[in-house]
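Since we're looking at a predicted model, the values are computed, not measured.
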Amino acid sequence: MDLSPIALLTLALLGYVIGSLAGLVLCRWERLANFLSFGCATLGAGCGLVACVELLAAGGTTAPIQLQLLPTLVPYVQFTVRLDSLSLFFGLIVSLLGLALSLYSLGYARGFYGRKNVGVLGAFFNLMLLATSLVFLSDNAFFFLIAWEIMALSAYCLVSFEHEKPETRNAGVFYFVMSHIGTGCIMLGFLLLFKDSGGYGFDGFHALGEKFSAAFHDRNNPDFPVALHQLLLRRDAAFLLFLIGFGVKAGIVPLHTWLPQAHPVAPSNVSAFMSGVLIKTGIYGMTRVFFDFLGTPPMWWGVTVLAIGTVSAVLGVLYALMQHDLKRLLAYHSIENIGIILMGFGASLMFLDTGHPLLATLALIAGLYHTINHALFKGLLFLGAGAVLHATHTRDMEHLGGLAKRMPQTAFFFLIGAVAISALPPLNGFVSEWLTYQSLLQGFGTTESLLRLMFPIGGALLALTGALAAACFVKAFGITFLAQPRSEAAAKAHEASFTMLLGQAVLVAACVFLGLFPTVFLKILDPLTQQLTGLQLSQQLTLANGLVLAGANPAGGTVSTLGIALLGIALLALPFALWLALGRRTKTHIGPTWDCGLKGLTPRMEYTATGFSKPIRMIFKALFRPRREVQREYDFSPYFATNIRFEAHVEEVFETKIYRPLNRWVLWLSRRMRALQAGSIQAYLIYIFITLLLLLLFAL
């Protein structure tokens, strides 16, 4: 049966609904609930993936396709979905990652048998897939916010899945509070757009963007009306509200503190989804609003986004280097990669202001390419970390080691993800960061003001971020998978199940494809760039036979990741030929690893995660403010210690200097406000009267 993409997309949403209901109805039969809930999620994600690929490959949608999903019950709440190139691109991300995670979850959820309710896990997982898909597809601000809230609440339930642990409860509550602060800002932003558009539909917001652009280009006219000046001020206010609201979800600095708390304590399949897709809803919101709803941007918008992205990238990777909790390390890298995405977005906004649409398109596509790349390799890394946790029951790298011999497939998949996130060729992370470099370095000559220094500074800090990321994943892979086991649990570790490995293999294949064939994917994104910037990137660039990737400036350099891969494969023949010529008849002797003259190697002689990162900690000690405590035990002489205990702590500046003082202030204010609850009906009537009076004055 040949189904249309629209029918496949409908089946995808229906699959998530059935999977959620199946998990709840069959929650007493954990094996059946696991199979049906995650099986339906697998089928739904597969249908969504095929539908989005077909629509994008067919040229996207020149005009948005709007479909009524549910009947209208309340004015302004139109339950319609919007199929345009932007929604299809993010729908592709959620479907691709959802497919891999659902396959993985079929085996991963077995670890909860007898301990936790697997049916509830499957139900909320499907609900989160459904709500996230509707966030990307909604065509109305009300529908968007309803889906957004369902997504946030389902994620809260999944973060708090193992609620018997205090750290899990605290992380869940903190995520809940931060998420709703962001939602409040988004609601206010939509209200400002409603004031000038007269409706909540995205078509009206798009038309308002054209009105914003006309007013912005006419702002230097001496007869510029005061009303239009106020219109632009409201637009600036809406930009800041949306930046904060979507920035909370994306995890930008300094709104990131919920992320390294929530990701580690959630089940690993949920952590992978939150890092790969959930935080991308913030990126989707910024893309939709900044490039579609608000019209031509002023320069300070781009400078702000570029600065926030640069700071997030550098601080994210620096704090990741200090972690010895494997999942917390990956969570901080999500902050880093969100920063890299925003560097592309910020540069694109600056280029739009200076009248360079080709460079704006290149920078935007660099950010969007990194969006899907990060979803893939970060999802892969979290699945690898979940397999390690499943086998050893610990996230602490200091208690791991030697897992490459015990979990060879997981080690290989994790290594692929580590190479991709470190932006090493020929994998996908290299391509998107190379495009970001091209857009930043070619932007220096676009303006004569000192703001052009933002581009080379951003490029230099992006290079620093890439180098630190490579060092971090040398630590993560080496400490976790190499050397000898540091604990009995690591020594007894076993390989993950088939479905867990299959989910990782799907993401490995996607990382390799997007790394080796970026020009193919760029052509698929032509309708997206046409929608947002008015240009199709692949038609503006010189792509030699579809294999060579170029920047917007022909003199800016080219690269072919497929050529790099083929060259590497060809060079592999050289050592084999040398072995045939010189070493074939040489006898091989296998002996013990050199141990510096000692009796034998032990795990105590290995590098630790803390020791590996100490040089970076000392270089950036003004930021980290490290504390350490050393306790020694002696037997006969103070020169010969029998036992040494070392503890090191790194201060999270934003938590200690911003959020903890803010928390204390809120608690102090709450105690003072108790006096308002006097228990008197007369007092409450006075409060209501004053509130109504203030609202009437505001309305006038």
Side-chain angles (χ1 to χ4, degrees), residues 93 96 276 309-310 313-314 316-317 320 330 333-334 336-344 347 362-381 412-442 458-474 476-477 507-525 537-538 541 543-544 546-552 556-571:
I93 295 176
L96 180 54
T310 304
V314 175
V317 72
L330 296 176
H333 272 288
S334 294
E336 171 220 345
N337 283 275
I338 288 296
I340 294 173
I341 294 168
L342 291 186
M343 291 176 74
L362 176 64
L364 176 61
I365 211 66
L368 291 175
Y369 207 154
H370 201 72
T371 299
I372 188 171
N373 287 341
H374 175 253
L376 296 175
F377 57 62
K378 183 53 67 65
L380 173 60
L381 290 167
F412 173 74
F413 293 151
F414 193 93
L415 179 62
I416 294 296
V419 172
I421 198 174
S422 300
L424 298 176
L427 296 182
N428 56 339
F430 167 78
V431 176
S432 51
E433 290 202 25
W434 185 86
L435 289 171
T436 307
Y437 280 122
Q438 289 292 311
S439 61
L440 290 174
L441 297 180
Q442 294 177 26
L461 291 177
L462 180 59
L464 173 64
T465 300
L468 292 175
C472 188
F473 279 95
V474 168
F477 183 81
L507 296 180
V508 166
C511 288
V512 172
F513 175 79
L514 290 182
L516 297 182
F517 304 101
T519 54
V520 175
F521 194 71
L522 284 177
K523 291 179 181 178
I524 294 177
L525 297 184
L537 186 63
S538 67
L541 304 183
L543 305 178
L547 302 179
V548 178
L549 190 64
T558 59
V559 68
S560 174
T561 48
L562 182 60
I564 294 173
L566 294 176
L567 179 62
I569 293 172
L571 291 176

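- Partners of A366 by side chain to side chain contact (heavy atoms under 4.5 Å, CB included), not counting sequence neighbours, listed by chain and number: L435, T436.
- With contacts defined as side-chain heavy-atom distances shorter than 4.5 Å, the pair L96/L376 qualifies.
- A 4.5 Å side-chain heavy-atom check between I372 and F521 finds at least one atom pair inside the cut-off.
- Judged by distance alone, with hydrogens and angles left aside, the side-chain atoms of Y369 form no donor-acceptor pair with the main-chain N or O of L522 at under 3.5 Å.
- The heavy-atom pair separating E336 from A469 by the smallest distance is OE2-CB, 3.9 Å.
- In this structure, the ring-ring contact (aromatic ring centres under 6.0 Å, His included) partners of F473, at least two apart in sequence or on a different chain, are H333.
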Q: For side chain to side chain contact (heavy atoms under 4.5 Å, CB included), just list the numbers for F377 and N337, CA-CA rounded to whole Å, side-chain angles, deciding distance to a tenth of an Å, and then say yes or no.
A: CA-CA 11 Å; F377 57 62; N337 283 275; 3.8 Å; yes
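- A 4.5 Å side-chain heavy-atom check between W434 and T561 finds every atom pair outside the cut-off.
- Partners of L566 according to the side chain to side chain contact (heavy atoms under 4.5 Å, CB included) rule, which considers only residues two or more places apart in sequence or in another chain, are L562.
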Q) I341 and I338: side chain to side chain contact (heavy atoms under 4.5 Å, CB included), yes or no, with the steps? A) CA-CA 5 Å; I341 294 168; I338 288 296; 4.3 Å; yes
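- Relative orientation of the F513 and F517 rings is tilted, given thresholds of 30° and 60° on the angle between their planes.
- Listed by chain and number, the residues in a ring-ring contact (aromatic ring centres under 6.0 Å, His included) with F477 are F481 (sequence neighbours excluded).
- Applying the side-chain hydrogen bond (donor to acceptor under 3.5 Å, both in side chains) test to S439 and every residue at least two apart in sequence or in another chain returns nothing.
- Among pairs with a residue in residues 412-430, those fulfilling side chain to side chain donor-acceptor pair (under 3.5 Å) read N373-N428, at least two apart in sequence or across chains.
- A509 is linked by a side chain to side chain contact (heavy atoms under 4.5 Å, CB included) to nothing, counting only residues two or more places apart in sequence or in another chain.
- Residues passing the ring-ring contact (aromatic ring centres under 6.0 Å, His included) test with F412, sequence neighbours excluded: none.
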